[in-house]
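Data first, discussion second: the structure below is written as C-alpha cells.
Computed from a predicted model, the values in this text were never measured in an experiment.
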Amino acid sequence: MEKIFSKLRNLDAYPKVNEDFYSRTLSGGIITLVSSLAILLLFFSEFRLYLHTVTETKLLVDTSRGETLRINFDVTFPAIPCTLLSVDAMDISGEQHHDIKHDIIKKRINSHGDVIESRQDGIGAPKIEKPLQRHGGRLEHNETYCGSCFGAEQSDDDCCNSCEEVREAYRRKGWAMTNADLIDQCKREGFFQRIKDEDGEGCNIHGSLEVNRVAGNFHFAPGKSFHHTNIFFDDLLAFQKDSYNISHRINRLAFGEYFPGAVNPLDGTQWTHETSNGMYQYFLKVVPTIYTDIRGRTVHSNQYSVTQHFKNLEFIHPNSHPGVFFFYDFSPIKVTFKEEHISFLHFITNICAVIGGIFTVAGIIDSFVYHGQRKMKKKMEIGKFR
C-alpha cells in the first residue's frame, strides 16, 4: 500500500515548498490584490450573464400554408370625417372586402386632435320616421318591410332596406347616385346629415383585419369604395370636395401579436398632405417570425420592412382614387427567436478560465517584476548605476 501511495505522490503536479523558503514582496502583494479584484469583477460579470437569457436566432424556409393573418392598425386622419372614411382589403386570390366594419372603431376628432365621439363603425346611426315601403306607403305594424331600390331593382322581388343596399343596387346598374339626399333609407340612417355634422373634423380609426396569408393590400379611402364599376365617388356628388387631404399619422401597424424586441418601422410615422388629391402607398415585405420565451411559450407573429411612395393624382389617370394604400407580400424566409439560459457547465468553464487565466498572467507579471528588481539591486551593489 505504501508503494501505491509513493507512486501517487510522484504524480503530484503541484509540489509544495516549505514556508521557510517563501520570499514575500511588496510588488507581489500589490499584484495579488489587483488580480483578486479582477477575478471578483469577472466572476460577477459571468454570473450576471448566466442569470440572464440569450436569444438564439435562426433563418428557415417558411413552409406554412393555409393560414390567416391578423393586421392590427391605428391610424389618424386629421382632415377626413369618420363617415367618409372606409377600409377595404383584397388579395391576389381574388377575395375582396369593401367598407369593412367588423372589429373597427372610429373616433371623431376635432382640429386639435381631441376626441369628440368614439363608436364602432356601422353603429349609432339615427333612425327617423317609419320606413317607406316599395309600394309608397309607410311601414305599418306587423308589416314586412321591403324598401324601394328606386328603379335599380333587378327583379320584382328585390328589396333595398338600407342606404348601403340602395347604393349596391345602383352599383350593379352602373348608375351614379346623384339623388342620394332624397332616398328614404339614407335619410333615415342620417348618412348625409352625419357628413354635414362632421364637416371640418378628422378621424382616428383603429382595429384589426383578418386576411388570407397571401400577397394583397388594404387601404383607407375617403368615400365608399365602388369597385364593381368605374364609379368611385359619383354617388357622393352632393357633398364631394374638389380634393381630399390624406394627411395621416400611423400610430401603430403590426402584423400579428407583439413579442419582446418587435420593432414596427411604421409606428409613429406621420405624413402631411401638401398637394391636391394624392395616393400614398406603402410597400411592405412581411417576414414570418416565431418567438419562444424561456418558459417555452411560443408566439407566431411577423416583422416587416417598408418603402413608400406618393402619387400626385393630378398627373395620373383620372380614375385613380385618393387614399392611403398598404401593399404587402410575404418573405419565403422565416425567422425564429428562442430564449435560452447559458448552461451551468458553460458557466463553470468560464469561471475556471477566468481564475486560471488571471493567476497565470499575474504569476508571469510577478516573476518579471521580482527578477527585474533583483537584477537592478545587484547592479546597484556593484556600482553600475552610480
Check your understanding: Should I290 and V299 be marked as a side-chain contact (heavy atoms from CB on, under 4.5 Å) after you check the CA-CA gap, both sets of side-chain angles, and the distance that decides it?
Key -> CA-CA 6 Å; I290 298 177; V299 177; over 6 Å; no
Review point. Could you walk me through whether N251 and R249 pass the side-chain hydrogen bond (donor to acceptor under 3.5 Å, both in side chains) check?
Key: CA-CA 6 Å; N251 304 305; R249 175 183 172 84; 3.1 Å; yes
**Study point:** side-chain hydrogen bond (donor to acceptor under 3.5 Å, both in side chains) evaluation trace for R213 with N302
**Key:** CA-CA 11 Å; R213 201 179 183 85; N302 300 274; 3.0 Å; yes
Point to revise | Chi angles and distances behind the side-chain contact (heavy atoms from CB on, under 4.5 Å) call for V324, F77 | key: CA-CA 10 Å; V324 179; F77 293 86; 3.6 Å; yes
Practice item. Given side-chain contact (heavy atoms from CB on, under 4.5 Å), test M279 with F310 step by step and report yes or no. Key: CA-CA 6 Å; M279 177 188 295; F310 174 72; over 6 Å; no
Review point. For C159 and C149, what are the C-alpha separation, side-chain angles and deciding distance, and is it a disulfide (SG to SG under 2.5 Å)?
Key: CA-CA 6 Å; C159 299; C149 295; over 6 Å; no
Exercise for review: Go through the steps for R70 and E210 under the test salt bridge (charged side-chain N to carboxylate O under 4.0 Å, His left out), then give the verdict.
Suggested key: CA-CA 5 Å; R70 178 172 288 273; E210 195 83 21; 3.0 Å; yes
Review point. Would D88 and I100 satisfy side-chain contact (heavy atoms from CB on, under 4.5 Å), going step by step from the backbone distance to the final call?
Key: CA-CA 6 Å; D88 307 312; I100 302 170; 5.6 Å; no
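Residues I104 and F73 meet the side-chain proximity criterion, which asks for heavy atoms closer than 4.5 Å. Contact check for N217 versus M90: side-chain heavy atoms found under the 4.5 Å cut-off. Side chains of W271 and I246 form a contact here, defined as non-hydrogen atoms less than 4.5 Å apart. Contact annotation: the side chain of F218 approaches that of Y328 to within less than 4.5 Å [non-hydrogen atoms, C-beta and beyond]. Side-chain atoms of S27 and V369, non-hydrogen and from C-beta on, do get closer than 4.5 Å to each other. Proximity of K311 to Q281: side-chain heavy atoms (C-beta onward) are separated by under 4.5 Å at one or more points.
Hydrophobic clustering (side-chain heavy atoms under 4.5 Å, transitive across Ile, Leu, Val, Met, Phe, Trp, Tyr) keeps V287 apart from F327. The hydrophobic clustering, which links ILVMFWY residues whose side-chain heavy atoms are closer than 4.5 Å, places F43 and L41 apart. Hydrophobic clustering of Ile, Leu, Val, Met, Phe, Trp and Tyr side chains at less than 4.5 Å, counting indirect connections, keeps V286 apart from L60. F330 and I333 are assigned to two separate hydrophobic clusters, defined by single-linkage of ILVMFWY side chains at heavy-atom distances under 4.5 Å. Taken together through direct or relayed side-chain contacts under 4.5 Å among Ile, Leu, Val, Met, Phe, Trp and Tyr, F259 and L59 form part of one hydrophobic cluster.
Rounded to the nearest 0.5 angstrom, I31 CD1 and D366 CG are separated by 4.5 Å. Note that OH of Y291 is 10.5 Å distant from OG1 of T298, once rounded to the nearest 0.5 Å. Summarising the geometry, atom CZ belonging to F326 is positioned 9.5 Å from atom CD1 belonging to I71; distances are rounded to the nearest 0.5 Å. With rounding to the nearest 0.5 angstrom, the OG1 atom of T55 is 5.0 Å from the CD atom of E339. Taking CG of L253 as the reference point, atom CG of N264 lies at 7.0 Å (rounded to 0.5 Å). To the nearest 0.5 Å, atom CD1 of residue I355 and atom OG1 of residue T360 are 11.5 Å apart.
Of the candidates K334, Q303, H300, Q303 is the only one forming a side-chain hydrogen bond (donor to acceptor under 3.5 Å, both in side chains) with T289. Just one of L37, I39, V34 meets the side-chain contact (heavy atoms from CB on, under 4.5 Å) condition when paired with I358; it is I39. The only option from D74, I80, T76, V87 that meets the side-chain contact (heavy atoms from CB on, under 4.5 Å) definition with I205 turns out to be V87.
The main-chain N or O of T32 is found under 3.5 Å from a side-chain atom of S35 such that the two form a donor-acceptor pair. A donor-acceptor pair is defined here as one N or O able to donate and one able to accept, closer than 3.5 Å; no such pair exists between the side chain of H112 and the backbone of N110. Between the side chain of E46 and the backbone N or O of L42, no donor-acceptor pair lies under 3.5 Å. For K106 (side chain) and L85 (main-chain N/O), a donor-acceptor pair under 3.5 Å exists by modelled atom type. Without hydrogens or angle criteria, E95 side chain to D91 main chain gives no donor-acceptor distance under 3.5 Å. Side-chain N or O atoms of N212 include none that pairs as donor or acceptor with a backbone N or O of V214 at under 3.5 Å. In this structure, D158 contributes its side chain and S155 its backbone to a donor-acceptor pair below 3.5 Å.
The two residues L51 and H341 come nearest to each other via the heavy atoms O-CE1, 3.0 Å. The minimum heavy-atom distance between T269 and P265, with the atom names listed, is OG1-O, 3.7 Å. Residues I342 and L49 come closest through the heavy atom pair CD1-O, 3.8 Å. Between S301 and G256, the shortest heavy-atom distance links the atoms OG-C, 3.6 Å. Scanning both residues, C160 and S148, for their nearest heavy atoms gives CB-O, 3.6 Å. Counting all heavy atoms, side chain and backbone alike, I116 lies closest to I109 at CD1-C, 3.8 Å.
In this structure, Y304 and F255 have perpendicular ring planes: the angle between them is above 60°, well past the 30° mark. Relative orientation of the Y282 and Y280 rings is tilted, given thresholds of 30° and 60° on the angle between their planes. Using cut-offs of 30° and 60° on the angle between ring planes, the pair F344 and Y50 is perpendicular.
Ion pairing between E201 and R108 holds under the 4.0 Å rule for side-chain N and carboxylate O. A salt bridge links D329 and K285; the closest N-O separation between the charged side-chain nitrogens and carboxylate oxygens is under 4.0 Å.
Within 6.0 Å of atom CZ in F368, 12 or fewer heavy atoms from other residues, nucleotides or ligands are found, so the atom counts as exposed in its surroundings. Around atom CZ of F47, no more than 12 heavy atoms belonging to other residues, nucleotides or ligands sit under 6.0 Å away.
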